[in-house]
Amino acid sequence: MSSATEETAQRTVLLRGGDVHSPADPFATAMVVERGHVAWVGSEGAADAFASGVDEVVDLEGALVTPAFTDAHVHTTATGLALTGLDLSSARTLAEALDAVRAHAAARPDDDVLLGNGWDESRWPERRAPRRAELDEATGGRPLYLPRIDVHSAVVTTALLDRVRGVRDLAGFRDGEPLTGIAHHAVRGAAHRAITPRQRAEAQRAALARAASLGIGTVHECGGPEISDEADLTALLELARAERGPRVFGYWADLVASAEDAGRIRELGAIGAAGDLFVDGSIGSRTACLHAPYEDVPHTGAAHLDAADVAAHVAACTEAGLQAGFHAIGDAAVSAVVEGVRAAAEKVGLPRVRAARHRVEHAEMLTPATVAAFAELGLTASVQPAFDALWGGDEGMYADRLGVERARTLNPYAALLRAGVPLAFGSDAPVTPLDPWGTVRAAAFHRTLDHRISARAAFTAHTRGGWRAIGRDDAGILVPGAPADYAVWRAEELVVQAPDDRVARWSTDPRSGTPGLPDLTPGTALPVCLRTVVFGQTVFARPNE
């Protein structure tokens with residue numbers, strides 16, 4: 001930390017004249033920050049006693065102060081490349097997507113490999129992926145890597161295929177169809193090796209700057225050998241340490257079988273052998289592992305790890321004092337995780353497994369039995385409510401792939417909370433955009449009524465929940481002693497919103513004693529971030545505010 005940064009962190013600041021979201025005082029209007037931590041939260045009248053003894057007084061002018069958000073599942077470099085490069089998530093048709101590829105290729109004549117992301121054929125009238133011949137024409141025969149929005153399959157040009165020796169013989173290569181499995185990982189590796197250190201740093205800065213501008217103070221980077229490479233993770237962690245911005249906690253998704261393996265994970269700077277350690281794939285690419293076949297294809301997806309693999313990894317991580325975790329979406333994949341973690345608990349002891357707070361990413365297809373097992377085993381569900389907003393509902397992609405009845409069971413946040421399962425919210429960016437208030441809204445207004453949770457519970461999952469997911473119970477909340485990670489917002493009237501239509505949806509009654517939040521009813525404007533502060537240091541300030 002530079003001397004200037006240290007000086008900023010040492011300053012004492014009084015914020016007053018707004019609304020401070022704190023369980024320490026549901027009616028708080030002021031907060032004191034000292035040495036990078038919250039020192040006091042309280043009322044406007046009591047703030048007068050601090051005004052003469054601080055280095056700076058900030059008039060909030062009615063703004064809302066909340067804990068900074070934590071995005072518990074991000075792919076930072078890929079997110080930055082999407083922000084600065086070819087993003088097809090807004091393409092409304094296949095023809096639009098191909099036009100965008102053509103324009104991007106023309107605008108980047110010097111790129112060794114063209115990179116894009118975000119296409120989703122389920123939302124196009126053509127209902128199919130781009131064909132290789134179409135991409136060859138659009139790029140003028142140049143190498144192009146174009147993963148689907150879920151990043152579990154990809155289409156590429158012939159020129160990129162030709163760079164990967166033997167790719168046509170690898171599992172997951174089916175001529176004329178998007179690449180999956182090992183074939184996909186091979187071409188992704190070839191594409192990523194073409195990214196220069198300068199391009200990578202620019203992408204990482206762009207992603208972290210966007211996060212800060214949205215009130216995100218912490219991200220969990222989910223790296224791994226099948227997603228990126230070790231240099232990408234270590235470069236990101238070094239950049240985050242050296243430059244002012246959101247905190248970055250890294251996960252590395254590699255199997256651990258020994259103390260030596262655990263030591264290698266720590267040497268990378270990762271806090272866990274978790275994140276996208278794939279037990280299966282995704283529903284959109286039909287690679288999530290199911291107990292029963294998909295509705296629209298006669299197979300059950302792909303299993304990358306079984307219960308024995310899970311058990312060995314969890315036991316080794318627990319013995320080494322390292323957090324473990326897995327990517328599991330389909331019901332068969334989630335069952336394998338539960339079976340494996342339970343077997344590990346029988347070996348090393350349930351209390352030790354629970355204390356380790358192992359994680360499951362996505363955890364979409366749950367049953368009452370697996371929900372109960374998550375609670376029993378102390379597993380954290382690291383989930384993405386935007387998935388339901390984007391693909392849920394009776395006419396959404398989930399229903400196309402699984403049928404309406406199975407689709408209605410997905411992402412049961414209310415059941416998880418009732419069972420006592422800790423929730424940590426994230427975006428899986430660039431799969432869905434960094435959008436914390438939109439994420440809270442998606443959980444509170446889940447497309448399946450029975451799965452909705454209160455805005456307050458969703459907000460907690462996106463702030464304190466992310467800290468609890470890394471084993472920290474002292475952060476993500478504005479109370480004395482907590483790290484001063486907070487965001488300042490321009491917001492409309494604060495309300496207390498309930499989860500569904502069986503109770504009053506919102507109340508402005510201050511007698512409730514519950515800190516209010518912005519009205520997140522669909523159609524209302526989301527809050528605008530004015531400032532983001534991490535450990536007492538401003539990492540984003542909206543211009544002209």
Side-chain angles (χ1 to χ4, degrees), residues 19-23 26 63-74 210-220 246 362-363 380-392 411-414 416-417 421-429 431-449 451-469 475-478 485-500 503 505-507 514-530 532:
D19 290 289
V20 178
H21 186 92
S22 172
L64 170 67
V65 180
T66 72
F69 286 101
T70 292
D71 192 312
H73 194 119
V74 175
R210 174 61 66 86
S213 75
L214 296 168
I216 298 171
T218 299
V219 300
H220 296 179
H362 316 308
T380 294
S382 171
V383 296
Q384 297 74 39
F387 287 6
D388 174 72
L390 190 59
W391 298 310
N411 302 301
Y413 304 138
L416 286 163
L417 283 182
V421 176
L423 295 183
F425 280 177
S427 62
D428 198 9
V431 175
T432 67
L434 299 166
D435 180 17
W437 284 114
T439 296
V440 174
R441 171 186 279 172
F445 293 90
H446 196 295
R447 289 178 180 273
T448 302
L449 187 64
H451 300 335
R452 292 180 177 181
I453 60 177
S454 69
R456 181 187 182 192
F459 178 79
T460 299
H462 216 349
T463 50
R464 198 174 189 186
W467 283 96
R468 286 172 165 166
I477 186 171
L478 299 181
D485 291 16
Y486 61 90
V488 181
W489 307 90
R490 185 192 307 127
E492 300 300 325
E493 183 180 20
L494 305 183
V495 301
V496 177
Q497 289 182 299
D500 60 46
V503 295
R505 179 160 298 285
W506 59 268
S507 170
T514 301
L517 289 168
D519 183 0
L520 300 177
T521 304
T524 59
L526 293 175
V528 174
C529 185
L530 305 179
T532 305

Distance from [X] atom [atom1] to [Y] atom [atom2], nearest 0.5 Å?
| X | Y | atom1 | atom2 | result |
| --- | --- | --- | --- | --- |
| T532 | I216 | OG1 | CD1 | 8.5 Å |
| I477 | T66 | CD1 | OG1 | 12.0 Å |
| D71 | T439 | CG | OG1 | 7.0 Å |
| E492 | L520 | CD | CG | 12.0 Å |

Does the side chain of L517 come within less than 4.5 Å of V440's, by heavy atoms?
-> no
Do C529 and L214 come close enough that some side-chain heavy atom pair is under 4.5 Å?
-> no
Least distance between heavy atoms, [X] atom then [Y] atom:
| X | Y | answer |
| --- | --- | --- |
| A72 | S382 | O-OG, 3.8 Å |
| G466 | T70 | CA-CG2, 3.7 Å |
| H220 | A469 | CE1-CB, 4.4 Å |
| T521 | R441 | O-NH2, 3.4 Å |
| A389 | A442 | CB-CB, 4.0 Å |
| P527 | P518 | CG-CG, 3.5 Å |

R456, CZ atom: more than 12 neighbouring heavy atoms under 6.0 Å = no
With sequence neighbours left out, write down each residue that passes side-chain contact (heavy atoms from CB on, under 4.5 Å) with [X], or none if nothing qualifies.
| X | answer |
| --- | --- |
| R468 | R357, R464, D473 |
| N411 | E364, D388, Y398, Y413, H446 |
| D19 | L64, L494 |
| T432 | A386, F387, L390, S427 |

Name the one of T218, D428, V431, V219 that satisfies side-chain contact (heavy atoms from CB on, under 4.5 Å) with V74?
-> V219
Set of residues satisfying salt bridge (charged side-chain N to carboxylate O under 4.0 Å, His left out) with respect to D485, sequence neighbours excluded | R247
Is a donor on one side and an acceptor on the other found under 3.5 Å between the side chain of T524 and the backbone of D519?
-> yes
Taking H362 for the side chain and Q384 for the main chain, is one N or O donor matched with an acceptor at less than 3.5 Å?
-> no
Can you name the residues that form a ring-ring contact (aromatic ring centres under 6.0 Å, His included) with W437, not counting sequence neighbours?
-> F69, F459, W489
